[in-house]
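Start at 1 with the first residue, then count along the sequence.
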Amino acid sequence: MKRIISIESKRTFYTILFILCTTVSFSQLQLPSFFGDNMVLQQKSMTSVWGKDAPNNKVIISGSWNKSVVTNTDREGKWHVKLATPEAGGPYTLTIEGSEKIVLKNVLIGEVWICSGQSNMEMPLKGFKNQPVHGSEEVIANASKNKIRLFNVDRKASLVPLNDVSGKWTVAQPQTAKDFSAVAHFFGKTLHDSLNNVPIGLISVAWGASKVEAWMDEKTITKFKNIEIEKEIPKEKPQRAPVFVYNGMIHPLKGFTIKGFIWYQGEGNRENAKEYADLFPAMIRQWRNQWGHGDLPFYFVQIAPFGKESRIPVGALVRESQLKTLQNVRNTGMAVTMDIGDCEFIHPPNKRQVGERLAYWALSKTYDMKDIIFSGPLYKKMIKTENGKIVLYFDYVDDGLSNFGHPLTGFEVAGRDRVFYPAIAEINEDNTVTVFSELVKQPEAVRYGFKNCPTGTLFNSQGLPASPFRTDNWE
């Protein structure tokens with residue numbers, strides 16, 4: 001038997017439906033997802049807070065640390081304020097009151113870092129399938145003992161710049177930490193422990209296999225005439241196309257008040273490794289300009305040894321481009337990973353060392369802990385001797401050099417014929433290295449670790465590895 005619904009009942013149903021839809025569609029006060037419960041706001045700053053409400057409406061933003069600010073929305077309903085934050089602490093509440101009232105709870109004040117890149121930044125503490133992260137079990141088990149908060153930005157490619165991302169702040173605990181970036185978490189934990197338990201907010205914005213071009217905006221990319229911006233988002237590997245990942249994942253965060261950035265990417269740019277020396281600095285400058293806080297700290301990872309050797313060592317060329325970025329871009333730092341690569345796997349399991357080495361740069365350069373040694377040896381200059389040898393000089397070796405009992409390999413020398421031969425290398429008492437080969441009587445150039453998958457053998461006394469380098473610029 002069919003059920004008969006009266007016209008009046010239908011009218012009532014559609015009226016209720018219209019009211020519900022109207023309520024949802026025209027909900028007045030709105031905040032981006034990264035303003036939410038459990039968030040961390042940057043301490044001792046004029047932190048940016050923004051959202052939407054009814055046009056030409058009064059909005060009051062109040063922190064329970066006794067700071068508030070009043071503003072009015074514009075004709076489009078947008079509002080944006082700067083709210084003073086105190087020293088690290090909490091939990092607090094953040095109240096936004098306009099046409100409606102939103103109270104954000106369990107808010108901490110501390111240090112906020114954006115953590116971006118490709119799969120080696122994305123790789124969670126629990127690891128990928130059949131690819132573990134060493135030492136992660138202890139960190140996962142003890143995650144709830146730290147004042148660390150996590151925000152994981154969902155993958156999103158977009159044709160146009162978006163204003164929000166998908167994600168939410170969570171309190172670090174075993175069930176949330178295991179799925180969060182291992183490098184970012186080890187970085188954050190090192191900061192947390194070294195800064196006397198200051199709350200740390202980590203925003204992970206990563207996508208495996210992405211190229212640096214994907215993280216740059218259209219204005220910046222168009223300066224590179226050989227790079228074409230596609231008219232549609234590719235169905236396969238959209239993270240390798242220029243601009244679209246920036247539009248969907250970085251643009252919405254633009255201006256969110258942070259302390260700095262950490263970055264682990266480069267494998268995706270092996271095919272244009274030399275151009276990476278221009279692309280990567282351009283991306284750093286773009287991000288800094290858009291955040292509008294000067295030369296924000298930008299600490300990155302030099303890609304680890306990986307892959308088979310080839311006629312053109314593309315891995316070495318990417319590392320060289322990254323080294324040039326360190327040398328030429330202000331307020332940057334580079335964590336060297338020459339000693340923790342794996343020729344068979346592009347995802348090294350030693351993420352703890354990576355995160356800690358990034359943190360050493362931050363602790364020394366950003367937080368002014370001068371006793372922290374933050375870099376391994378970096379090539380400085382060479383001097384030829386009369387007996388057919390070359391002496392190499394390095395920065396960041398004040399306490400000495402070491403090979404820690406292992407053979408000092410990976411050095412090569414070449415004469416004017418530009419043919420390189422393995423060289424004998426010796427560490428000297430004045431913190432220099434002498435290299436020579438019986439096959440090269442008049443050496444002109446030296447290379448160290450200039451391969452796709454070299455083994456790091458040279459360290460400073462703190463155990464931080466030397467960056468690979470070459471003294472020549474030969475093709």
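- Nearest heavy atoms, K58 versus N72: CA-OD1, 3.3 Å.
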Quick one, Y276 with Q265, criterion side-chain hydrogen bond (donor to acceptor under 3.5 Å, both in side chains). Give me CA distance, side-chain angles, the key distance, then yes/no. CA-CA 11 Å; Y276 194 77; Q265 189 272 341; 2.7 Å; yes
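- No side-chain donor-acceptor contact under 3.5 Å links K274 and S321.
- When all heavy atoms are compared, the tightest approach of W65 to T93 is CZ3-O, 3.9 Å.
- Heavy-atom minimum distance, S45 versus T257: OG-CG2, 3.8 Å.
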How far apart are the C-alpha atoms of F256 and F34, what are their side-chain angles, what is the distance that settles it, and do they pass the ring pair (Phe, Tyr, Trp, His ring centres under 6.0 Å) test? CA-CA 9 Å; F256 186 78; F34 38 87; 5.4 Å; yes
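- In this structure, Q131 places its CD atom where more than 12 heavy-atom neighbours from other residues, nucleotides or ligands lie under 6.0 Å away.
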Working note: H134 + N350, criterion side-chain hydrogen bond (donor to acceptor under 3.5 Å, both in side chains); need CA distance, chi angles, decisive distance, verdict. CA-CA 6 Å; H134 292 171; N350 295 308; 3.0 Å; yes
Can you give the donor-acceptor pairs under 3.5 Å from side chains of residues 193-202 to other protein atoms, not counting sequence neighbours?
residue, atom, partner, partner atom, Å
D193, OD2, K189, NZ, 2.8
S194, OG, T190, O, 2.8

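- Taking a 6.0 Å sphere around CD of E218, one finds it holds 12 or fewer heavy atoms contributed by other residues, nucleotides or ligands.
- With no hydrogens or angles considered, no side-chain donor-acceptor pair links Q28 and N57 at under 3.5 Å.
- No donor-acceptor contact under 3.5 angstrom links the side chains of S158 and N247, judged on distance only.
- Atom NZ of residue K211 and atom CZ of residue R270 lie 13.0 Å apart, to the nearest 0.5 angstrom.
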Return all side-chain donor-acceptor pairs below 3.5 angstrom for residues 369-379, not counting sequence neighbours, or 'none' if the list is empty.
residue, atom, partner, partner atom, Å
K370, NZ, D368, OD1, 2.9
Y379, OH, M382, N, 3.1

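- One N or O on the side chain of R319 and one on the backbone of N452 form a donor-acceptor pair closer than 3.5 Å.
- In summary, of the residues considered (F187, Y299, W113, W287), a ring-ring contact (aromatic ring centres under 6.0 Å, His included) with W263 occurs for W287 alone.
- Q302 and S467 share a side-chain donor-acceptor pair at under 3.5 Å.
- Although no hydrogens or angles enter the test, the distance criterion places no donor-acceptor pair under 3.5 Å between the side chain of T71 and the main chain of V59.
- Q30 and D164 share no side-chain donor-acceptor pair at under 3.5 Å.
- Side-chain contact check for N120 and K351: at least one donor-acceptor pair (N or O, by modelled atom type) lies under 3.5 Å.
- Annotation: the span from M39 atom CE to I109 atom CD1 amounts to 8.5 Å, rounded to 0.5 Å.
- In this structure, a donor-acceptor pair under 3.5 Å is present between the side chains of N38 and N106.
- Taking OG1 from T47 and CG from L83, the interatomic distance works out to 7.5 Å, rounded to the nearest 0.5 Å.
- The CE atom of M334 sits 7.0 Å away from atom CD of Q322, with the distance rounded to the nearest 0.5 Å.
- A donor-acceptor pair shorter than 3.5 Å cannot be found between the side chains of E275 and N269.
- A salt bridge links R330 with D295: the distance from a Lys NZ or Arg NE/NH1/NH2 to an Asp or Glu carboxylate oxygen falls below 4.0 Å.
- We find the CE-CD distance between M249 and Q239 to be 10.0 Å, quoted to the nearest 0.5 Å.
- Y246 and Q290 share a side-chain donor-acceptor pair at under 3.5 Å.
- Closest heavy-atom contact between D53 and L29: OD1-N, 3.6 Å.
- Among all heavy-atom pairs drawn from P305 and M338, the shortest one is CG-O, 3.6 Å.
- Using a 4.0 Å cut-off between charged side-chain N and carboxylate O, E122 and R155 make a salt bridge.
- Annotation: Q327, atom CD; neighbour count of heavy atoms from other residues, nucleotides and ligands within 6.0 Å is above 12.
- One distance of note links CD1 of I102 with CG of L94; it measures 10.0 Å at 0.5 Å rounding.
- Of the N and O atoms on the side chains of W215 and S116, not one donor lies less than 3.5 Å from an acceptor on the other residue.
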